[in-house]
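Order of appearance sets the numbers: ligands from 1, and atoms from 1 within every ligand.
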Amino acid sequence: MVTGDGSYIKKINRSNILSEIFEHHKISRASLSKVTGLNKATISVQVNDLLKEDLIYETQEEHHSVGRRPILLSINEKAAYFLGIDLDHDQLLFNITDLKGNTVKYEKVDLHTDIYDEIVTLIADHIKNYEAFFSSARYGLVQTVIAIHGTISTDNRIHFIPRNQWREKDILSDLNKLGIHNVTIENNANLSAYAERIFQYHKSENLLNINLSSGIGAGIVINGELHKGYHGHAGEMGHMIIYPKGKPCRCGNEGCWERYASEPTFFENAKKILERNIETHADIKQLLNEKNEGIIRALNDWISNLAIGLNNVINLYNPEMIVLNSPILKIYPDSLIEIKKHLISSVSQYRDIVLSGLGAKASVVGACAMGIQHFLELPHLTLSETNNSIAI
Ligand SMILES: [Zn+2]
């Protein structure tokens, strides 16, 4: 039973009602009362407030066989907008969703500089343009969440981005100085894990999302919450040592997982095996179409190194879901079969291992979803993947 003062209970009830409307898409007042356990009078007062605030609207089922069509409540997607930015070393991805998490705008900007001040100014200019564009909506552009390809301090500063060699950058106050407010930052792998849970695996309380790109980064969901560690740096699994005295890594150690199972290492090895230049995902696809044996060998070699790290991670976390976000694995039709062939230990247990449907958009749609959850102060959020699983 929730105890406390009246306004606190009212706030909790409101959050629960909103969470249920998100989960059911359309729901009547009577059903809301049933699923929340709140009486009809409480529902009625809260619903009236939400209607006045334009956060929800009344609608009816289109095909209702007999009798009076019940009035249903739905989230007013046009009330507020959210911006997710992926700050990568060579490009910026901007994604805007409405209040239901549907992508309404998407933009990719190539970066020709790695100078911090220039990139912050570029980000600020884009946010200002989007704020103007969505200013006629009831709440306008509410919040921006930036995905950082590096570590974040617990005081919300960029701790370190290896590719850019940026250390201790207070990006939020630097954006403030340029007139930009309501921004937060989060690690990109954390946002990808969060996105998988919110958009796809709604019921999964223990989920691991592993991004295989220029490095390897992981986001960890334990008991439904992101697990960030003492300094906020948890999930740097790419630097787990899988070969003692192996290849040197930029972190200072030798034999790190990402020196064997990140994208660049695949291409390095494939070049050696095929004795020809292979640089893009399209090249891999083409060779697979030609049933080239060399490319299959290169893929299977890469997967066997990938599986060493996966096996270790599974033993650490006993995850329910493992989501692998990797364009290379997505191209190779046998990737999951090959991975599972290596995960044969009777001790390492997981429920399922899948490839991400959100792909390269995971971190930015996760960023938008985080904005929605903060804005409405929701205990849990469920969104539909439909308008976000576009491959880019
Ligand atoms: Zn390392």
Problem - Parallel, tilted or perpendicular: ring planes of Trp302 versus Phe266, cut at 30 and 60 degrees - result: perpendicular
Fill in the blank from the handout: What lies under 2.8 Å from the Zn ion (ligand 1), restricted to protein N/O/S atoms, is His239 ND1, Cys249 SG, Cys251 SG, Cys256 SG
Exercise for the section: State plainly whether the residues Arg138 and Glu53 are in salt-bridge range, i.e. N to O under 4.0 Å. Expected result: no
Handout entry: Pairs where residues 314-342 contributes a residue and the test ring pair (Phe, Tyr, Trp, His ring centres under 6.0 Å) is met, not counting sequence neighbours
Key = none
Handout entry: Flag for Glu118-Thr113: side-chain donor and acceptor within less than 3.5 Å
Key = yes
Handout entry: Test: Lys361 cationic atom under 6.0 Å from Phe199 six-membered ring centre, within 45° of axis
Key = no
Problem - Sub-6.0 Å ring centroid separation between His89 and His149 - result: no
